[in-house]
Chemist: 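After the structure tokens below, expect a handful of questions from me.
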Number of protein chains: 2
Amino acid sequence: MKKKLENLPYKLENIFKPLVAVDILIFSIIENELKILLIKRKFPPFENAWAIPGGFVGENESLEQAARRELSEETGLAQIDLFLEQLFTFGEPQRDPRGRVISVSYYALIPASKIGELRAKTDASQTCWYAVSKLPKLAFDHTDIIKYALERLRYKMEYTNASYSLLDEEFTLTDLQKVYEVVFARTFDKRNFRKKILSLSIIEPIGKKVVRGVHRPAGLYKFSNRQLFVKEIIEP
Amino acid sequence: MKKKLENLPYKLENIFKPLVAVDILIFSIIENELKILLIKRKFPPFENAWAIPGGFVGENESLEQAARRELSEETGLAQIDLFLEQLFTFGEPQRDPRGRVISVSYYALIPASKIGELRAKTDASQTCWYAVSKLPKLAFDHTDIIKYALERLRYKMEYTNASYSLLDEEFTLTDLQKVYEVVFARTFDKRNFRKKILSLSIIEPIGKKVVRGVHRPAGLYKFSNRQLFVKEIIEP
DNA sequence: TCAAAAGTGTTGCAAATACACCCATGT
DNA sequence: ACATGGGTGTATTTGCAACACTTTTGA
């Protein structure tokens, strides 16, 4: 095979090779707000501006592996069952002053309870969770990327079980409803919400109750399936 | 700015740079079947195997420009109002024996009537339209890519006006229904289909009729908007 | 006994589905 | 006059949206 590859009508080493980066948008619900993890850039370009964390892809890692590595470096989390999905690949020639950079973006959802100490990376002097409704001015085209990610996130939550990744394994129906209310920035009717969620059969009661205040205990539920699951869209 | 970029804690020239290719899945409806344009590879790897057309990204073109260039090279079509959308970026380290290739895939929809002479490219000894239900064995992971594209295409056709790009500017309601029936591989009730499509206000009658056989003439319609248009998913 | 959240059903409306016949045309 | 696809309306079902009160608990 090696031999055959020498007969190409072009030389591989003459083909233009851009830098390839992976950016990761890490979302979580913290204090009843949808927040995203941003870093303050320590080096040019956009030194000191807030930005989506990311890094260059290593020679022997897949794009998703690179995204998981970044996710783990930023949050200390490396679980397999975390929601992580490719978002879009940006490749405008002029988007990065360092030269041609193709940026493959991913977005991840993590439960607030699992966020440990945030780690400062070599290329970040600070790290901060920002509510998506109150973003600072961002480096590159990162504001647009976040806006696009929010559309996708809302859409995903409509027709998949993606919300499993914003909650603990065990949760109450009110917890789940709050997740939807925060992501969609609106309220839902409690009775209708429960009816609908239960009719989808993506969660099931675990038979336990939890007392969380001076009121009636709430039943606990879990997702039947902690992999991404798409409901049927087309009627059979 | 140039000066600042010299103080980086890393050397840009030491960072790994993969090859970046753009693959394009070109769909059209031909003879009542959903077909995709494939090329027979003239050079290794996968010499003589059928594959999705593609090529490397040029130094000064955006990813979408590269996709449009490939589309135009393969089909001779370069219209702006053609449906063209990014599909996914594949980057497994071992997917191409030539070395690390990141492949950004796009998919396009073109009307059968506009397909002219197919052009043979330098890296294709043959070009052929295959029905997606009868694909040959394909190079790389291209079978999976097509499968994924079909899911996206069906989904897009459910909640957008993407079908404008599979039809001529003027079409009958039966033409439109056939497009949906071919893509979803099922039939629809004529009355319900018309009611639904018309209620969406994405097409409008142009007031002309066309006689196409020994039967009553059919009214012609056009899409009100030949850019991608997403219907509202969330109720306000 | 009170405050606070949990839990639970029904009704009306809108949208989707199922379904069958007449119309305009060219031969 | 007939074969062919074009064109149309209604009844039924289903899913969504609006809406309010009782229960359980700890203080």
Side-chain angles (χ1 to χ4, degrees), chain A residues 29 31-32 154-155 157-160 167-168 170-182 184-222 230-236, chain B residues 29 31-32 154-155 157-160 167-168 170-182 184-222 230-236:
Chain A
I29 292 179
E31 289 159 2
N32 255 1
R154 293 195 178 110
Y155 166 66
M157 290 209 20
E158 282 206 327
Y159 79 108
T160 75
L167 287 164
D168 286 328
E170 302 183 351
F171 53 88
T172 68
L173 291 175
T174 302
D175 293 336
L176 182 59
Q177 183 172 343
K178 284 228 174 87
V179 166
Y180 276 82
E181 291 185 337
V182 167
F184 288 96
R186 55 165 287 197
T187 56
F188 294 94
D189 179 84
K190 189 168 34 159
R191 284 162 293 188
N192 292 341
F193 180 82
R194 287 167 184 231
K195 235 180 302 175
K196 181 147 180 193
I197 285 287
L198 293 172
S199 76
L200 298 174
S201 307
I202 58 174
I203 62 170
E204 51 196 54
I206 60 171
K208 288 195 287 181
K209 292 195 174 234
V210 63
V211 179
R212 291 206 292 212
V214 189
H215 54 80
R216 182 168 172 176
L220 286 169
Y221 289 76
K222 68 180 178 101
V230 182
K231 289 179 247 161
E232 274 307 318
I233 300 177
I234 317 287
E235 67 275 15
Chain B
I29 292 178
E31 290 159 0
N32 256 0
R154 293 195 178 112
Y155 167 66
M157 291 209 21
E158 282 207 326
Y159 80 108
T160 76
L167 287 163
D168 287 329
E170 302 182 351
F171 52 88
T172 67
L173 291 176
T174 303
D175 292 337
L176 182 58
Q177 183 173 341
K178 285 229 174 86
V179 166
Y180 275 83
E181 290 185 338
V182 167
F184 288 98
R186 54 164 287 198
T187 58
F188 294 94
D189 178 85
K190 190 171 26 163
R191 284 162 294 189
N192 293 341
F193 181 82
R194 287 167 185 231
K195 233 180 303 175
K196 179 147 182 191
I197 285 288
L198 292 172
S199 76
L200 297 175
S201 308
I202 59 174
I203 62 171
E204 51 195 56
I206 61 172
K208 288 195 287 181
K209 291 196 175 238
V210 64
V211 179
R212 292 206 294 213
V214 189
H215 53 80
R216 182 170 172 177
L220 286 170
Y221 290 77
K222 69 179 177 95
V230 182
K231 290 178 244 159
E232 274 306 318
I233 300 177
I234 316 285
E235 68 274 15

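Just so it is clear: chains get the letters A, B, ... in the order the sequence lines come, proteins before strands, and each one is counted from 1.
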Chemist: Sequence neighbours excluded, which residues qualify as ring pair (Phe, Tyr, Trp, His ring centres under 6.0 Å) partners of B:Tyr221?
Modeler: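 Once residues adjacent in sequence are excluded, B:Tyr221 has no partner under the ring pair (Phe, Tyr, Trp, His ring centres under 6.0 Å) criterion.
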Chemist: In whole Å, I'd like the distance from the CZ atom of B:Phe188 to the C1' atom of C:dA16.
Modeler: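 For the pair B:Phe188 CZ and C:dA16 C1', the rounded distance is 13 Å.
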Chemist: Taking all heavy atoms of B:Asn32 and all of B:Val182, pick out the closest pair and write down the distance.
Modeler: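 Where B:Asn32 meets B:Val182 most closely, the heavy atoms are O-CG2, 3.5 Å.
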Chemist: Could you give the CG-to-C1' distance, from B:Leu220 to D:dG6, as a whole number of Å?
Modeler: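 Nearest whole value for this atom pair: 12 Å.
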Chemist: State, to 0.1 Å, how close A:Asn192 and A:Asp189 come at their nearest heavy-atom pair, and which atoms those are.
Modeler: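 Minimum heavy-atom separation between A:Asn192 and A:Asp189: N-OD2, 2.9 Å.
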Chemist: Check nucleotides 22-25 of chain C against the protein and report each pair of N or O atoms closer than 3.5 Å, with its distance, or say if there are none.
Modeler:
unit_1	atom_1	unit_2	atom_2	d
C:dC23	O4'	B:Arg216	NH1	3.1
C:dA24	N3	B:Arg216	N	3.1
C:dT25	O2	B:Val214	O	3.1
C:dT25	O2	B:His215	N	3.4

Chemist: Of the candidate nucleotides D:dC16, D:dG7, C:dG7, which contains the atom at the shortest distance from the side chain of A:Lys196?
Modeler: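 Among D:dC16, D:dG7, C:dG7, the one nearest the side chain of A:Lys196 is D:dC16.
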Chemist: For side-chain contact (heavy atoms from CB on, under 4.5 Å), just list the numbers for B:Met157 and B:Val179, CA-CA rounded to whole Å, side-chain angles, deciding distance to a tenth of an Å, and then say yes or no.
Modeler: CA-CA 10 Å; B:Met157 291 209 21; B:Val179 166; 3.9 Å; yes
Chemist: Once salt bridge (Lys or Arg N to Asp or Glu O under 4.0 Å) is applied, do any residues pair with B:Arg212, and if so which ones, sequence neighbours excluded?
Modeler: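 Partners of B:Arg212 under the salt bridge (Lys or Arg N to Asp or Glu O under 4.0 Å) test: B:Asp175.
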Chemist: Which heavy atom in A:Thr187 sits nearest to a heavy atom in A:Glu181, and how many Å separate them?
Modeler: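 What the structure gives for the nearest pair is CA-OE2, 3.4 Å.
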Chemist: Do you know the tightest heavy-atom contact between A:Phe188 and A:Gln177?
Modeler: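 Between these two residues, the closest heavy atoms are O-NE2, 2.8 Å.
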Chemist: In whole angstrom, give the distance that lies between atom CD of B:Gln177 and atom P of D:dG5.
Modeler: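 Whole-Å distance recorded here is 14 Å.
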Chemist: Would you mind reading off the distance between B:Phe171 atom CZ and D:dG6 atom C1', rounded to a whole angstrom?
Modeler: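 Spelled out: CZ on B:Phe171 to C1' on D:dG6 is 16 Å.
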Chemist: Check whether any side-chain N or O of B:Thr174 sits under 4.0 Å from OP1 or OP2 of D:dG5, and answer yes or no.
Modeler: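 For B:Thr174, the contact criterion (side-chain N or O under 4.0 Å from OP1 or OP2 of D:dG5) is not met.
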Chemist: Tell me, please, which residues at least two apart from B:Lys209 pass side chain to side chain contact (heavy atoms under 4.5 Å, CB included).
Modeler: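 Residues passing side chain to side chain contact (heavy atoms under 4.5 Å, CB included) with B:Lys209: B:Pro217.
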Chemist: For the helix from C:dT1-D:dA27 to C:dT27-D:dA1, what angle separates the axis at the start from the axis at the finish, each from five pairs, in steps of 10°?
Modeler: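 Overall, the helix from C:dT1-D:dA27 to C:dT27-D:dA1 bends by 10° from one end axis to the other.
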Chemist: Indicate the atoms forming the closest heavy-atom contact of A:Phe171 with A:Ile203, along with that distance.
Modeler: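 Shortest heavy-atom separation between A:Phe171 and A:Ile203 comes out as CZ-CG2, 3.8 Å.
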Chemist: Report, one pair per line, the protein and nucleotides 9-15 of chain C atoms (nitrogen or oxygen only) whose separation is under 3.5 Å.
Modeler:
unit_1	atom_1	unit_2	atom_2	d
C:dT10	O4	A:Lys195	NZ	2.8

Chemist: What contact category does A:Arg194 fall into here, base, sugar-phosphate, or nothing, at under 4.0 angstrom with non-hydrogen atoms?
Modeler: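 If one applies the 4.0 Å heavy-atom cut-off, A:Arg194 turns out to touch a base.
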Chemist: When the distance from CG of A:Asp175 to P of C:dA6 is rounded to whole Å, what number comes out?
Modeler: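 Whole-Å distance recorded here is 8 Å.
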Chemist: What is the distance, to the nearest angstrom, from the CG atom on A:Leu176 to the P atom on C:dA6?
Modeler: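 Interatomic distance, CG of A:Leu176 to P of C:dA6: 12 Å.
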Chemist: Just say parallel, tilted or perpendicular for the rings of B:Tyr159 and B:Tyr155, cut-offs at 30° and 60°.
Modeler: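 The arrangement is tilted - the two ring planes meet at 30° to 60°.
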Chemist: I would like to know whether B:Thr174 and B:Arg194 meet side-chain contact (heavy atoms from CB on, under 4.5 Å); could you show each step before the answer?
Modeler: CA-CA 9 Å; B:Thr174 303; B:Arg194 287 167 185 231; 3.3 Å; yes
Chemist: Using a heavy-atom cut-off of under 4.0 Å over every strand shown, decide if B:Ser199 touches base, sugar-phosphate, or nothing.
Modeler: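 Since no nucleic acid heavy atom lies under 4.0 Å of B:Ser199, the category is nothing.
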Chemist: What integer distance in Å separates A:Leu198:CG from C:dA6:P?
Modeler: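 From A:Leu198 CG to C:dA6 P: 14 Å.
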Chemist: Between atom CZ in B:Arg186 and atom C1' in C:dA18, what is the gap in whole Å?
Modeler: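 Rounding to the nearest Å, CZ of B:Arg186 and C1' of C:dA18 are 13 Å apart.
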Chemist: Give a yes or no on whether the backbone of A:Glu170 and the side-chain of A:Asp168 come within a donor-acceptor separation of less than 3.5 Å.
Modeler: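 Pair absent, no side-chain N/O of A:Asp168 close to backbone of A:Glu170.
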Chemist: Do the side chain of B:Lys190 and the base of D:dG6 come within less than 3.5 angstrom through a donor-acceptor pair of N or O atoms?
Modeler: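 It does, because a donor-acceptor pair links the side chain of B:Lys190 to the base of D:dG6 below 3.5 Å.
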